[in-house]
Amino acid sequence: MIRRNFLELLGGAGLYTTLKPLMPEYLEKVSLPGTDEDYWAQIQQAYTTSPQIINLNNGGVSPSPQIVQDAVERYNKYVNEAPSYYMWRILDQGREPLRENLAKYAGCSPEEIAFNRNATEALDTVILGLPLKAGDEVVLNPYDYPNMLHAWRQREMRDGIKLKFVKFPIGTEDETKIVQAYQEQMGPQTRVVHITHVINWNGQILPTKKIADAAHKIGAEVLIDGAHSFAHLDYKIPDLGGDYFGTSLHKWLSAPIGTGMLWIKKEKISKIYPLVPNDSPKSDNIRKFENLGTRPFPLEQAIGIALRFQEAIGNVRKENRLRFLKNYWAEDAAKMPKIKINTPFNNSCALAHVSVEGKTGGEIESYLFNKFKIHTSPIQWEDLNGVRVTPHVYTTLKDLDRLKEALYQLSKA
Ligand SMILES: Cc1ncc(COP(=O)(O)O)c(C=O)c1O
């Protein structure tokens, strides 16, 4: 309907052909909250997910659509015809166009992004590569991802830096309270503020830009963990206000498993020592972070296919759909006896954490899987004790109706 009206508006095929490249963006702006089930049924067909298990742990890692899996297989076959030739002389040629395409999507310069294997590698590059000395302080959150906490703790142990933990009101809708919690830990010795854009435990979205602005005011730098927000929420990396950003591409971009990306503001590149040094570790060339040794080129090159798939859906449409899916089950679940949603509805998208009075996360997870074949992630962390439920673009409303039924039965058990 929208498409037809738009074509009529353009007044004929000739003009349509001229303006065709503008179509997706235009349609994205006018497309509504993601309830076109015919459209989403086609997206579901692009995936090869199991009809036997309802996978609602897409927060762990995403499956790739068939076209991405095919690309991995195709590139892998080339490589195995003559590995050193196809890897270093053929597939390697694809890295720069890929860098440009991904940079355009992420809203930054290609000179600011490096490819690697995952968010852990991207973020650890910054955490372990930043020049910090004993007494320097880093502000972080007990709900940051464990790998990042481990890396900061290693620096504490090795270099004598001090870690200042935010007293974090998990689940609150109150952004001012969150920013204040970070500010309370900032002081004259603060060198870095580590911010998880979307908290993996409960899907809460943090007011990253506001926290980053407060950090910059006192002269600290900002590292953003975008593992769960990239290709999930509609934003450009520089909008978040950070100096450093790391993400996995095998989460919301649906790129092959084992792909990630590091972004560093151009003027900050030279000060970060790479995890795996090349011949010029103090250079300001972002490629110094890609000296990873021999690695799976087919995975890296297939990122480009995942990016095309993402762009065909469009960020706005995807974000709307994911939020719609979360609300579809969580709003009803919140009304059931003994059930609590521990995720702020207004500051979240696909991921949500649910608890059931009197049950542990492990018990809820087992019940959902054993009785209903619904796969979720048990989350018992700090004040949270329940399961995380994460639909994806291929999740159907029927799947979520089954989840609601399962939660309802559990709430009465
Ligand atoms: C917030 C957050 N940061 C970092 C990571 C690490 O991602 P990866 O295992 O792909 O390195 C995860 C993984 O779930 C995460 O949720």
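Atoms within each ligand, like the ligands themselves, are counted from 1 in listed order.
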J.: May I ask you to identify the nearest protein heavy atom to atom 15 (C) of ligand 1, giving residue, atom name and distance to one decimal place in Å?
T.: Y145 CD1, 3.3 Å
J.: Parallel, tilted or perpendicular for Y86 and Y78, by the 30°/60° rule?
T.: parallel
J.: Check ligand 1 against T196 and write out every atom of the ligand that is under 4.0 Å from a heavy-atom position of the residue.
T.: 1 (C)
J.: Donor-acceptor check, side chain of T172 to backbone of D174, threshold 3.5 angstrom: yes or no?
T.: yes
J.: Under 3.5 Å, is there a donor on one side chain and an acceptor on the other for R388 and N202?
T.: no
J.: Would you kindly specify which portion of T120 sits under 4.0 Å from ligand 1, judged on non-hydrogen atoms: side chain, backbone, both or neither?
T.: both
J.: Would you check if there is a donor-acceptor pair between the side chains of Q310 and N315 at a distance under 3.5 Å?
T.: yes
J.: Which ligand 1 atoms, with their elements, are less than 4.0 angstrom from a heavy-atom of H250?
T.: 10 (O)
J.: Using a 3.5 Å cut-off on N or O atoms only, is E121 in polar contact with ligand 1?
T.: no
J.: W252 vs H392 aromatic rings, parallel, tilted or perpendicular, using cut-offs 30° and 60°?
T.: parallel
J.: Please report which non-hydrogen protein atom sits nearest to atom 1 (C) of ligand 1, along with the residue it belongs to and the distance in Å to one decimal place.
T.: D225 OD2, 3.4 Å
J.: Indicate yes or no: does an N/O atom of S248 lie under 3.5 Å from an N/O atom of ligand 1?
T.: yes
J.: Give yes or no for whether the N/O distance cutoff of 3.5 Å, strictly under, is met between N147 and ligand 1.
T.: no
J.: Please report the interatomic distance CH2(W40) to CD(Q45), rounded to the nearest 0.5 Å.
T.: 14.0 Å
J.: Could you tell me if any non-hydrogen atom of H197 lies under 4.0 Å from any atom of ligand 1?
T.: no
J.: State the atoms of ligand 1, each with its element, that fall below the 4.0 Å cut-off from a heavy-atom position in H228.
T.: 16 (O)
J.: Students often mix this up, so state it plainly: with edges at 30° and 60°, are the rings of W263 and F245 parallel, tilted or perpendicular?
T.: perpendicular
J.: Checking a contact table here: which protein heavy atom is nearest atom 14 (O) of ligand 1, and how many Å away?
T.: K251 NZ, 2.7 Å
J.: Do side-chain atoms of H232 reach the backbone of A350 as a donor and acceptor pair under 3.5 angstrom?
T.: yes
